[in-house]
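Before any comments, here is the structure.
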Amino acid sequence: MPSSPRKRLPVTSFAVLGLIARGPASGYEVQQRLRAGAAHFWHASYSQIYTELRRLTALGYVTEREVRQQRRPDKRTYTITPAGETALTAWLEESWGLAHLRDESLIKLMLADTLPPQRVIKEMHRLKTAHERRRAEFEAEIAELDTESGRYLRYALRKGVHAQTAFAQWCQEVIDDLDTGTTPAA
C-alpha cells in the first residue's frame, strides 16, 4: 500500500485498526475495547467508529463478515488483514507526537480579564478539584489492572496521572498568584 493514503488517515482510524488487531470485533465491541483502555485520552463515538470501519474495509485493512445471531440482531465482525497489520505497524513506527491540548478552561482564563479575581479563583478551585478527582480515577483504574494486563496500557494511564497532577498544581499556582496579586513569571 502506498504511504500517502496511510498518512492521511486520522488517529481514530489507527485506534480502531489497533483494537481490531487484538481480535475480530464488531463495531460495538471496538467501542467497548476503546472504553476499557483509551477512553480517558481518546474518544470516538459509535458513528465515528462505523465510519472508520467502512474506511478500513474500503482500504483493505480489515475484512467484514456477517454473523447471524438467534436472539439478537445479526452483526458484522471485522478482522485485520495483512495489509492492515502492515499499515498499523508502519504508523506505530512513525515518530510519536506530543499531546494536543484543547482546553476550554485555558480559553476562558485567557479571556477572563473582565471577571473579578475572586470569581476566577473560585473557578480555579473547582477546576483543581476536578483534576484531582480525575487523577484519582486514573490511579483507581491502574490499581484494578491485573498483572496480566498490558504494561503499555499501564504506562498510558500513568501519563494521565502525571498530567492531572500537573494540571492541579498549575491551578494552585494561578490561585496563589491571584491571591497575592502578583503577575506570573515567564
Side-chain angles (χ1 to χ4, degrees), residues 1-104 130-131 133-165 167:
M1 187 87 201
S3 63
S4 58
R6 181 183 50 76
K7 287 194 182 282
R8 286 192 308 246
L9 292 178
V11 172
T12 302
S13 295
F14 289 105
V16 170
L17 189 60
L19 293 169
I20 292 172
R22 293 182 174 174
S26 66
Y28 175 80
E29 291 163 333
V30 168
Q31 179 73 27
Q32 295 308 305
R33 290 176 187 178
L34 186 63
R35 284 187 180 157
H40 290 293
F41 41 87
W42 197 263
H43 172 75
S45 67
Y46 282 118
S47 62
Q48 286 175 300
I49 288 172
Y50 285 104
T51 297
E52 294 307 330
L53 288 170
R54 284 190 299 276
R55 180 193 329 248
L56 295 170
T57 301
L59 288 170
Y61 290 172
V62 299
T63 58
E64 64 181 310
R65 179 175 69 89
E66 188 168 331
V67 176
R68 298 216 178 269
Q69 302 184 106
Q70 289 186 355
R71 297 189 182 188
R72 294 182 153 171
D74 294 346
K75 67 179 182 178
R76 295 191 177 283
T77 59
Y78 298 84
T79 304
I80 194 166
T81 64
E85 290 172 352
T86 299
L88 179 61
T89 299
W91 179 74
L92 288 169
E93 290 176 346
E94 291 175 1
S95 293
W96 296 11
L98 291 174
H100 294 274
L101 190 58
R102 184 179 171 141
D103 188 335
E104 179 184 336
H131 285 303
R133 184 173 37 252
R134 183 75 160 207
R135 180 188 64 223
E137 290 170 1
F138 277 112
E139 289 171 338
E141 195 166 331
I142 291 167
E144 291 176 8
L145 292 175
D146 59 39
T147 56
E148 299 300 314
S149 293
R151 66 179 172 192
Y152 298 116
L153 173 57
R154 189 177 305 273
Y155 294 152
L157 294 171
R158 290 293 309 151
K159 183 176 182 180
V161 169
H162 291 290
Q164 296 304 316
T165 300
F167 292 151

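Computed from heavy atoms alone, side chains included, the values below leave out hydrogens, waters and symmetry copies. This chain uses plain numbering: 1 for the first residue, then up along the sequence.
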Please enumerate all residues that pass side-chain hydrogen bond (donor to acceptor under 3.5 Å, both in side chains) together with R65, with sequence neighbours excluded.
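Result, side-chain hydrogen bond (donor to acceptor under 3.5 Å, both in side chains) vs R65: none returned.
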
Mind checking side-chain hydrogen bond (donor to acceptor under 3.5 Å, both in side chains) for E29 and listing every partner two or more places apart, or none if nothing turns up?
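E29: side-chain hydrogen bond (donor to acceptor under 3.5 Å, both in side chains) contacts with S26, K75.
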
Do you know the tightest heavy-atom contact between [X] and [Y]?
X	Y	result
G60	A83	O-CB, 3.9 Å
A21	L88	CB-CD2, 3.9 Å
L17	G84	CD2-O, 3.4 Å
T165	R135	OG1-CD, 2.9 Å
Q31	I49	OE1-CD1, 2.7 Å

Applying side chain to side chain contact (heavy atoms under 4.5 Å, CB included), can you list everything that pairs with S45, at least two apart in sequence or on another chain?
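Applying side chain to side chain contact (heavy atoms under 4.5 Å, CB included) to S45 gives H43, S47, Q48.
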
R72: which residues meet the side chain to side chain contact (heavy atoms under 4.5 Å, CB included) condition with it, sequence neighbours left out?
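Listed in chain order: Q69.
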
Could you check whether atom [atom1] of [X] has more than 12 heavy atoms from other residues, nucleotides or ligands sitting under 6.0 Å from it?
X	atom1	value
E104	CD	no
R22	CZ	no
Y28	OH	no

From [X] atom [atom1] to [Y] atom [atom2], the distance as rounded to the nearest 0.5 Å:
X	Y	atom1	atom2	value
Y50	Y78	OH	OH	7.0 Å
L56	F14	CG	CZ	8.0 Å
E139	Q164	CD	CD	10.5 Å

Taking the side chain as everything from C-beta on, heavy atoms only, tell me whether L145 gets closer than 4.5 Å to R154.
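Yes, at least one pair of side-chain atoms sits under 4.5 Å.
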
Using the rule side-chain contact (heavy atoms from CB on, under 4.5 Å), only one of T57, T79, T77 pairs with V62; which is it?
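That would be T57; it is the only one of T57, T79, T77 passing the side-chain contact (heavy atoms from CB on, under 4.5 Å) with V62.
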
For F167 and H131, take the angle between the two ring planes, folded into 0 to 90°, and tell me which bin it lands in: parallel under 30, tilted 30 to 60, perpendicular over 60.
tilted

Quick one, T86 with Y61, criterion side-chain contact (heavy atoms from CB on, under 4.5 Å). Give me CA distance, side-chain angles, the key distance, then yes/no.
CA-CA 9 Å; T86 299; Y61 290 172; over 6 Å; no

Tell me whether R33 contacts the main-chain N or O of L19 through its side chain, where contact means a donor paired with an acceptor under 3.5 Å.
yes

Sidechain-backbone polar pair: S13 side chain, L9 backbone, donor-acceptor under 3.5 Å
no

Working for side-chain contact (heavy atoms from CB on, under 4.5 Å), residues R158 and V161:
CA-CA 5 Å; R158 290 293 309 151; V161 169; 3.8 Å; yes

So V67 and R76, side-chain contact (heavy atoms from CB on, under 4.5 Å) or not? Walk me through it.
CA-CA 6 Å; V67 176; R76 295 191 177 283; over 6 Å; no

K159: partners by salt bridge (charged side-chain N to carboxylate O under 4.0 Å, His left out), with sequence neighbours left out:
none

Salt bridge (charged side-chain N to carboxylate O under 4.0 Å, His left out): which pairs involve residues 43-63, sequence neighbours left out?
E52-R55

Show the numbers, then the answer: is there a side-chain contact (heavy atoms from CB on, under 4.5 Å) between T51 and T12?
CA-CA 10 Å; T51 297; T12 302; over 6 Å; no

